[in-house]
Amino acid sequence: MGNKLISKEIQDYIHANLNTDLHTLLLKKSPFPEVSMQEIVQQIKGKQTAQKKFPFLLKEGIIFPPQLNLEQASSEKTALYKSQMLKGNKFIDLTSGFGIDAYYLSGNFNEVTLVEQNQQLLDIVKHNWAVLERDATFINQNLENFLDDDQEHFDCIYLDPARRDQNKNKVFLLEDLSPDILQIKEKLLSKGDQVIIKLSPLIDIKYLVSVLPEIFRIEIIAVKNDVKEAIIFLSSEKKDGIMVNCVNLESEESAFLFRFGEEEKSQVAYSEPEKFIYIPNNSILKAGVFNLISERSGLKKFHPNTHIYTSDQKITDFPGRVLEMEVVESKHIKKKESFNIISKNYPLKPEEIKKKYGIKDGGKDYLIFTQSKKGKIILKSV
Ligand SMILES: C[S@@+](CC[C@H](N)C(=O)[O-])C[C@H]1O[C@@H](n2cnc3c(N)ncnc32)[C@H](O)[C@@H]1O
């Protein structure tokens, strides 16, 4: 499959159609007898995805897999971030997929092994890694069988399990993943100095720590305030607490590092809105350190369930948004004006607020609809 697709004529045709409507293209007959229009469209979708998600693959000779494998792959940005924490001699990715994580994470290792159950996908990765001039051992096997058969020891074992089903329930359990981490945990820990697992950020951290006591570090990774991944680090060695690091990539904000359990011991002060208003980034909100962020930064909180903070003096280097605002009465909100509307711990959603007050989305000013300990409040940028 690979060789046919990388011929100059077919690649030229793919390039010429990068912005063509793909539904229309699929109805046409392929101009090349050796490849179908579906195969061509798969390559176009691959290049389109690569432009945003993994631009390092916008290289001559690269082949792209079906949509699902593109969607399941990590982005270049998060993979690069994770790679900075790792180095050693032997690295193995047991759920290679399209190999984006493997490519970056193995950068500081001497020997690299990729395991993937999907033969066609692994063939594509093998082809691409040759184009990228990267060496690895590629193993097309079910990872459970590989773990039974193989006697090697690795410095680092990485897994990015697939969701077993397509249900989009917000909360899910480790048993819903393929592979089931709880089933293979002992084997993983006996074969690797450290085991690193990528999970959906929707997973509950307290649940994770309760079922996997071997966790010694958790990274919550957001990109431009969109939480993308939760990464857990496991080791069978005795640990001194669990460190949790929250990062917001592609922002100027510094990371927020804390010890699991610190939140429960931290003290919070409450206040009505003062001059400056702070909204932590979503990696911190995901970690649930609502009181600790207040204690560490010396900021006061509006209400136990409102994770918005305030101060009279401006705090620099807060990991989130900092706005200068004042309380406004609803009768002073003018119809047809444009605002960025934020609703937090407030009965109406932004859409409902827009309708109720006849206001529009956009502009540079903010309106925050929320609650302090005294009740509902509206804040407006000054
Ligand atoms: C989420 S994808 C990995 C994406 C990858 N991290 C990347 O950046 O491209 C998970 C992959 O694990 C593979 N997989 C799931 N269960 C497996 C198993 N038991 N043995 C081997 N591979 C498995 C799936 O076929 C899928 O390609």
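Both ligands and their constituent atoms are indexed starting at 1 by order of listing. Residue numbers run from 1 in the order of the sequence given.
Crowding of D21 atom CG: a count of heavy atoms from other residues, nucleotides or ligands under 6.0 Å exceeding 12. Within 6.0 Å of atom NZ in K47, more than 12 heavy atoms from other residues, nucleotides or ligands are found, so the atom counts as buried in its surroundings.
Under the 3.5 Å distance criterion, with hydrogens and angles disregarded, no donor-acceptor pair is assigned to the side chains of S200 and R163. Counting only N and O atoms by type, the side chains of T306 and Q371 include no donor and acceptor under 3.5 Å apart. Under 3.5 Å, the side chains of K228 and S75 contain no donor-acceptor pair of N or O atoms. Remark: the N245 side chain and the E219 side chain contain an N/O donor-acceptor pair separated by less than 3.5 Å.
Centroid-to-centroid, the aromatic rings of F369 and Y357 come within less than 6.0 Å. Checked against the 6.0 Å centroid threshold, F54 and F98 count as a close aromatic pair.
The protein atom (non-hydrogen) at minimum distance from atom 5 (C) of ligand 1 is S96 O, 3.3 Å. Closest protein heavy atom to atom 14 (N) of ligand 1: Q117 NE2, 3.5 Å. Nearest protein heavy-atom contact of atom 16 (N) of ligand 1 is S178 OG, 2.9 Å. For atom 25 (O) of ligand 1, the nearest non-hydrogen atom of the protein is E116 OE2, 2.6 Å.
For ligand 1, the polar-atom distance check finds no N/O of A73 at less than 3.5 Å from any of the ligand's N/O atoms. In terms of N/O distances under 3.5 Å, ligand 1 is approached by G99. Geometrically, ligand 1 and D160 share a nitrogen or oxygen pair separated by less than 3.5 Å. Residue S74 has at least one N or O atom closer than 3.5 Å to an N or O atom of ligand 1. The shortest N or O to N or O distance between E144 and ligand 1 is under 3.5 Å.
Taking a 4.0 Å cut-off on heavy atoms, A102 fails to register as neighbouring ligand 1. The shortest heavy-atom distance from Q141 to ligand 1 is under 4.0 Å.
Residue F98 has at least one heavy-atom neighbour below 4.0 Å for each of these atoms of ligand 1: 9 (O). Near P179, with a cut-off below 4.0 Å to any heavy atom, the atoms of ligand 1 are 16 (N). Each of the following atoms of ligand 1 lies closer than 4.0 Å to a heavy atom of I100: 7 (C), 8 (O), 9 (O). Set against the non-hydrogen atoms of G97, the atoms of ligand 1 under 4.0 Å away are 3 (C), 27 (O). Near Q72, meaning under 4.0 Å from any of its heavy atoms, are these atoms of ligand 1: 1 (C), 2 (S), 4 (C), 26 (C).
Residue-level proximity to ligand 1 for A79 is absent, since no heavy atom of it falls below 4.0 angstrom. Of all the heavy atoms of L121, the ones lying under 4.0 Å from any atom of ligand 1 belong exclusively to the side chain.
The main-chain N or O of V209 is never found under 3.5 Å from a side-chain atom of K206 such that the two would form a donor-acceptor pair.
Taking OG1 from T370 and CD1 from I308, the interatomic distance works out to 4.0 Å, rounded to the nearest 0.5 Å.
If you check each of L122, T95, N142, D180 against atom 3 (C) of ligand 1, the one with the closest non-hydrogen atom is T95. Distances from atom 20 (N) of ligand 1 to the heavy atoms of D101, I184, L143, L177 put L143 nearest.
F109 pairs in a ring-ring contact (aromatic ring centres under 6.0 Å, His included) with only one of the listed residues (F91, Y103, F154, Y104), which is F91.
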* To do: With side chain to side chain donor-acceptor pair (under 3.5 Å) as the test, would you mind laying out the steps for N345 and H307 before giving the verdict?
  => CA-CA 8 Å; N345 193 23; H307 311 311; over 6 Å; no
